[in-house]
Novice: 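One structure coming up, written as structure tokens, with questions to follow.
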Amino acid sequence: MKHLPLFVLGLLGALPALGQGNNYAQNYKKFDNLALTPPMGWNSWNKFACNVDERLIKEVADAMVSTGMKDAGYTYINIDDCWHGERDAQGFIQPDAKRFPSGMKALADYIHSKGLKMGIYSDAGSQTCGGRPGSRGYEFQDAQQYAAWGVDYLKYDWCNTEGLKAEGAYKTITAALRKAGRPMVLSICEWGNDKPWEWGPTVGHLWRTTGDIYNCFDCIKDNGTWKAWGVMQIMDKQEHLRQYAGPGHWNDPDMLEVGNGMPANEDRAHFTMWAMMAAPLITGNDLRTMSPQTKATLTNREVLAIDQDPLGVQGFRYAAKDSLETWLKPLAGDKWAVAFLNRSKRPQPVRFDWQATPIADEVAKVELNAAKTTYRLRNPWAQKEVGTTKKPFVATVPSHDVVVVVLSK
Ligand code: GLA
């Protein structure tokens, strides 16, 4: 050994450490190559709140397949709050044994056997919003448990987080998921309090931008200490955030209320605007009993294609006048989706002259110039061709409804 040069001795000394890796190192980066388009699925909260059990979840998984929702692209079956029981003697979280007597592994296996994926819910604080055990102090054990069950998606909430800072807390759960080793989508749910769009893109795949949605088109539900927001109220809070969204990292304006009681026109407008915003499409209705109308709304392939477009650009409000708004979303292959949204209580006429002026999207760095290029127009709700950009587009938009056209060359 004494004849070996010093730098070789140094290298030999470093070998054991290299071989073991740094087992204290933490990886705060989300799993790559997930949610490259906005996640699509179902979540129990909006309709069922705390009333979740394995029978419901299995029936919803069945309905996801039998209704054609799965074929339309919906994949995740996400159990929200209140599935939890106690921790065992070693600290591992267990499901509520009355509600989930077969256990979570069996439930995940069932969901996977249908070609679907399973999501679960926890909270960065000591307790979830529904008062069940939170993950604070148990992050690595919880991640290990979810991975052992076969979970594919974690929604991680922000109640009872006294003294915690969001960025750090979400990095801890990301490190725990990485350590557990099973790729999972991480849905950051801290309601936009600490600007998750600034630190979220490397830590998680989607982040809530607001407080909870409320099942109305245009209202605010005041719950005293917190407010829930109607569809229009939530939509208005997204616009300045569009530059933060893209493949693998999405603004989340909360889960859908389609099929939960609003009339068909309002459901259609809600669904369309979520698609225009490249929002995650997590349905929140009872898939087992939904009406043909609701099903038709949720499975319209051409509207889904607007949401799922691979460019992953969140749309923008181009014009607003007398409660009539014009929204644009650039799509791959020099296509564009254009939505005319009528927020008023009366029908409103639209006349849109495509050739009047080029429209630039400063974020996506693309331009719609109908004076140079002629586009064909197709209405995805009516499922028909409606002319070209050579002539101004003329239509009447019913109250609380949309007229959409997709432009292609
Ligand atoms: C918070 C979340 C909701 C839901 C509930 C569950 O309010 O924002 O989406 O998960 O908690 O208690």
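Every number for a ligand or one of its atoms is a count from 1 in the order of the listing. For reference, positions follow the sequence shown, starting with 1.
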Novice: Tell me whether the centres of the aromatic rings in W199 and Y244 are closer together than 6.0 Å.
Specialist: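 Judged by ring-centre distance (under 6.0 Å), W199 and Y244 do not meet the cut-off.
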Novice: Quick one: is the NZ or CZ of K58 closer than 6.0 Å to the six-membered ring centre of Y110, and within 45° of its axis?
Specialist: yes
Novice: Is D254 in polar range of ligand 1, meaning some N or O pair under 3.5 Å apart?
Specialist: no
Novice: Please could you name the atoms of ligand 1 that W45 approaches to less than 4.0 Å, counting only its heavy atoms?
Specialist: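 Once the distances to W45 are compared, the set is 4 (C), 5 (C), 6 (C), 12 (O).
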Novice: What are the atoms of ligand 1, with element, lying closer than 4.0 Å to any heavy atom of C189?
Specialist: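 Once the distances to C189 are compared, the set is 2 (C), 8 (O).
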Novice: Between F340 and F393, is the ring centroid distance below 6.0 Å?
Specialist: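 Close enough - the centres of the two rings lie under 6.0 Å apart.
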Novice: Between S102 and E54, which heavy-atom pair has the shortest distance, and what is it?
Specialist: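 Smallest interatomic distance, heavy atoms only, reads OG-OE2, 2.7 Å.
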Novice: Tell me, which pairs form a disulfide (SG to SG under 2.5 Å) where one or both residues lie in residues 263-300, sequence neighbours left out?
Specialist: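 Found none.
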Novice: Could you identify the single nearest non-hydrogen protein atom to atom 7 (O) of ligand 1 and state the distance to 0.1 Å?
Specialist: D212 OD2, 2.7 Å
Novice: Side chain, backbone, both or neither: which applies to D157 and ligand 1 if a contact is any heavy-atom pair less than 4.0 Å apart?
Specialist: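 D157 to ligand 1: side-chain contact only, backbone stays beyond 4.0 Å.
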Novice: What is the closest protein heavy atom to atom 4 (C) of ligand 1, and at what distance does it sit?
Specialist: D80 OD1, 3.4 Å
Novice: Would the W83 and W149 ring centres measure less than 6.0 Å apart?
Specialist: yes
Novice: Could you identify the single nearest non-hydrogen protein atom to atom 9 (O) of ligand 1 and state the distance to 0.1 Å?
Specialist: K155 NZ, 2.8 Å
Novice: If we only consider heavy atoms of Y121, is any one of them less than 4.0 Å away from an atom in ligand 1?
Specialist: yes
Novice: Check for me whether R87 meets the cation-pi criterion with Y138, that is, NZ or CZ under 6.0 Å from the six-membered ring centre and within 45 degrees of the ring axis.
Specialist: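 Geometry flag: set, cation within 6.0 Å and 45°.
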Novice: Can K390 be said to sit on top of W354's aromatic six-ring, NZ or CZ under 6.0 Å from centre and within 45° of the ring axis?
Specialist: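 So K390 doesn't make the cation-pi contact.
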Novice: Does an N or O anywhere in W191 fall below 3.5 Å from an N or O of ligand 1?
Specialist: yes
Novice: Determine, using heavy atoms of T128 and all atoms of ligand 1, whether some pair is separated by less than 4.0 Å.
Specialist: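 Flag not set, T128 not near ligand 1.
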Novice: When you measure from atom 12 (O) of ligand 1 to every protein heavy atom, which one gives the shortest distance, and what is it?
Specialist: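 Nearest neighbour among protein heavy atoms for atom 12 (O) of ligand 1, to 0.1 Å: D81 OD2, 2.8 Å.
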Novice: Using a heavy-atom cut-off of under 4.0 Å, does the side chain or the backbone of A49 touch ligand 1, or both, or neither?
Specialist: neither
Novice: If the cut-off is 4.0 Å to any non-hydrogen atom of R208, which atoms of ligand 1 fall inside it?
Specialist: 8 (O), 9 (O)
Novice: Of all the heavy-atom pairs spanning K30 and T174, show the shortest one and how long it is.
Specialist: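 Smallest heavy-atom distance, with atoms named: N-CG2, 3.6 Å.
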Novice: What atoms of ligand 1 come within less than 4.0 Å of a heavy atom belonging to C129?
Specialist: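 Checking each atom against C129, I get 1 (C), 11 (O), 12 (O).
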